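Note that the coordinates shown come from a computational prediction; the quantities given were computed from them, not determined experimentally. Letters A, B, ... mirror the listed sequences (proteins, then strands); counts begin at 1.
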Amino acid sequence: MAETGKILLQMKNIHKRFPGVYALKDVNFELKAGEVHALLGENGAGKSTLIKCLAGIYIPEEGEVIVNGKSHIMQSVADSQAHGISVIHQELCLVPYLSIAENMFLGRERNVGGIIKRGQENEEAKKMLQRLGLDFDPNVLIKDLSIAQQQMVEIAKALSVKADILVMDEPTASLTDKETEVLFETMRQLKAEGIGIIYISHRMSELFAITDRVTIMRDGQYVGTVNTRETTNDQLIAMMVGRELTQLYFKDKVNPGKVVLEVKDLVSPPFVNGVSFAIREGEIVGMSGLVGAGRSETAHCIFGLDDRYTGQILIDGKPVHIRSVRQAMQNGIALVPENRKEEGLVLINSVGYNLTLTVLHEIFRGHPLGNPKREADEIEKHINELAIKTPSAEQLAENLSGGNQQKIVIAKWLATKPKLLILDEPTRGVDVGARAEIYGFMNELAKQGVAILMISSDLPEILNMSDRVLVMHEGRVTANLAKEELSQELIMRYATGGGNINVA
Amino acid sequence: MSPETNIKAQNSVVRYLKDNMGTLIGLFIMCVILSFTTNGVFYSQRNLINVLRQVSSNACLAFGMTFAIITGGIDLSVGSILALSGTLSAGLIVHSGFSVPGAVATAIIIGTALGLFNGFMIATTTIPPFIVTLAMMQIARGAAYIYSNGQPIRAMIPSYQIIGTGYLGPIPYPVIYMLVFLIICVILLSKTRFGRHVYAVGGNDKAAIFSGVNVPRTKMLVYTMSGFLAAFTGVVLCARMASGQPTAGQSFEMDAIAATVLGGTSMSGGVGKIGSTMIGVLIIGVLNNGLNLLGLNSFWQQIAKGIVILLAVYVDMLKKRRK
């Protein structure tokens, strides 16, 4: 076990190029035993690339990696693991149809001559899970777990490797506050054991809660390292974006107009169990709740993705029949989905293609072979309106940063001129700069009279952007809170089902 | 936490029956119907053994196919590799003076090598398995025609024929081979590291890479295995016919895919069991045999097969959606 304070890892002058791009340029990083060291930077700043160089997935062209005093560039994942490095990657890296135990031991199966010792694996897995306070049967298949549960398994898997250096790439992205607290508790325990942790997160509050030092990166370059105790939120953001970001949230006061959407007794088991609420013109209504509370599922009913629900949906006071996305669109509803890479974009197609996907019927109306001029105008308008940073409309969507991808998704739905815009986790995985811009559009749209339903797990976002907040718990709306009475504690109380509640 | 967390794992026999409920019931119903309509001919020992022998070649190909499909790929070349290895085994004996074991070994090694080549291309390039094996399907078939000059190669040599026509007690050799491969493949897929890597590659190849699994090697092994099984089956088939037929095994890859899919293996990879594929093989076999006994011609058999595939996969989807 390493003693606290000893230098575990040094990465010096790391360079990594991809065709046409300098992904890492002269990056330095250092990790001590028993410290949690954050890597901070906007998306595309090179954090994940640096981690991949450490994990043996990429091999840097130049630079030195010193692990436990020995200079060694990792050549493969197995090599990296053998050097005591364990990584929890940003994307969930579990195999859905294998069990928890099988996933935990993937690539280093307990075996005798190639035959697997299932019993031993299950026993060891059980112990590792219990260490995280998880009472899972290790035989359960990954696909039967919720995203948050899968994330916990991923963490258990990383911990099951005897590692001195643990890398966590946005481990809390899909965890609830309670689960995050359990994770932090485990991290503190690991620190005490002398393990060094590299921690990547976009949530500032977490950095202040758990880290000792923060290294900031920007555009693939090293900006600086600061002690968490001696820095401030503003200083970190300034280092990250390279300029002072005066304000993240823009929200003007609006006077809500007439009711645009009303839902009554929406039921679609198992996640939606009787949801009623209304949204007015110009209103931004936040929707908060824990993972699995039924927020996205409620949105799916309203947007016609779920055609098995019961209950009533009223648009402009009139009951409407919505059982398909097409019908929802005809009623002026748009949904920016939670998972932009899978539900929002055709990644392998161009920016322009994606932008016009929702309005093809208009572009082709009266022009059986399309209307190139109209299409080009439409595309240009959206790229300018949302300030999408792309070299051209022909660029493939997958080559854009998360923030710009999200802007495409928003733009393609704005093209339908919706009365009601549902945003499901609008800024997840979006960097600070683009976030501020997205909040700006939301504010602007609300002023134009669009009703906005914003589903979000990001509490500061909910608190700052909403005129009103609906809290969901187990498929029901448990609170309807006005802006004046909002607080983090109150939302969490209703989200966890605590408290006696009057739904207004 | 959600209630699913407490799912307890069931013992493997119960799980096997449960997972394959739909196809097992289907197979059972077919057998019941046939027992009425064929006046018991279906149940005669001779006929049952006949069914097993008839399905043995499809079974061997389908085992290899199951591995390929679980990794998220497919192997369209098995029918052609079968033909090439079959004609080679006969030709090497008749034209080149090879000993029977020498010819058989050479033919199987060449077929296996083609499988290895498939695997090598799939593992080291980004050409999709469908394309790589489609190309090999053409190449191997063409090679079989060239080697045999487009004519069957007659090989009336008892020590060669016995490979396909021999019996162990009442059981024909091809059925024995099938059972041996069945057991080996079941163990490989469910009990070994290799098997687990096969699932990982198809289920989430990124997770496999990030966990240190050697993904290219796993793919290479899978297609090599499929090539070996096809080559072996080719030799057995030609030995049985005492003739190396360059036209053998045409569209056998489709039957192997059908059996695999009937068994519930997902075409998108990550899911599947050898034991379930075996049921798929039996369903196709019993269907063919039954329709034969009933005197329906083979054109009707094809239509019946198509309907059964659609039906079975649809039922499987319903079952999954309900979960």
- Taking all non-hydrogen atoms of both residues into account, name the closest pair between B:G203 and A:P96 and its distance.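 Heavy atoms only, the tightest pair is O-CD, 3.5 Å.
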- Query: When you look at CZ of B:F117, are more than 12 heavy atoms from neighbouring residues, nucleotides or ligands closer to it than 6.0 Å?
  - Reply: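 Atom CZ in B:F117 is not crowded, with 12 or fewer foreign heavy atoms closer than 6.0 Å.
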- Query: Between atom CD1 of A:I116 and atom OG of B:S190, what is the distance when rounded to the nearest 0.5 Å?
  - Reply: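 Result: 9.0 Å between the selected atoms.
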- Message: Would you say that more than 12 heavy atoms from the other residues, nucleotides or ligands in this model lie under 6.0 Å from the CZ of B:F120, or not?
- Response: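 Open: at most 12 neighbouring heavy atoms sit under 6.0 Å from CZ of B:F120.
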- Applying salt bridge (Lys or Arg N to Asp or Glu O under 4.0 Å), run through A:E109 and B:R196 and close with a yes or a no. CA-CA 9 Å; A:E109 293 78 6; B:R196 196 168 286 180; 5.3 Å; no
- Looking at B:G270, B:A200, B:G195, which makes the most heavy-atom pairs under 4.5 Å with chain A?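 Top option by heavy-atom pairs under 4.5 Å: B:A200.
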- Message: Heavy-atom cut-off 4.5 Å, strictly under: side chain, backbone, both or neither for A:L106 against chain B?
- Response: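 Looking at A:L106, backbone and side chain both touch chain B.
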- Message: I'd like to know whether CZ of B:R217 has more than 12 heavy-atom contacts from other residues, nucleotides or ligands below 6.0 angstrom.
- Response: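 Result for CZ/B:R217: open.
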- Spacing of CG belonging to B:D205 relative to SG belonging to A:C93, to within rounding of 0.5 Å: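 If I round to the nearest 0.5 Å, the distance is 9.5 Å.
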- Message: Heavy-atom cut-off 4.5 Å, strictly under: side chain, backbone, both or neither for A:K117 against chain B?
- Response: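 No part of A:K117 comes within 4.5 Å of chain B.
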- Rounded to the nearest 0.5 Å, what separation is found between the OG atom of B:S266 and the OH atom of A:Y97?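 Separation between the atoms: 7.0 Å.
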- Any chance you could measure B:F210, atom CZ, to A:Q81, atom CD, to the nearest 0.5 Å?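 With rounding to 0.5 Å, CZ (B:F210) is 12.0 Å from CD (A:Q81).
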- Message: I'd like to check A:R108 versus B:S211 (side-chain heavy atoms, cut-off strictly below 4.5 Å). Are they in contact?
- Response: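 When only atoms from C-beta onward are counted, B:S211 and A:R108 do not touch, as no gap falls below 4.5 Å.
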- Message: Is there a side chain to side chain contact (heavy atoms under 4.5 Å, CB included) between A:L94 and B:N204? Walk through the geometry before answering.
- Response: CA-CA 7 Å; A:L94 298 170; B:N204 182 349; 5.5 Å; no
- Item | Choice from A:N111, A:I142, A:L141 maximising heavy atom contacts with chain B below 4.5 Å |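 Looking at each option in turn, the highest pair count goes to A:N111.
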- Proximity breakdown for A:R110 and chain B, heavy-atom pairs closer than 4.5 Å: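 Neither part, no heavy atoms under 4.5 Å.
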- Interface moiety of B:I187 toward chain A, non-hydrogen atoms closer than 4.5 Å: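 Only the side chain of B:I187 comes within 4.5 Å of chain A.
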- Message: Distance check, rounded to the nearest 0.5 Å: A:I115 atom CD1 versus B:R193 atom CZ?
- Response: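 With rounding to 0.5 Å, CD1 (A:I115) is 11.5 Å from CZ (B:R193).
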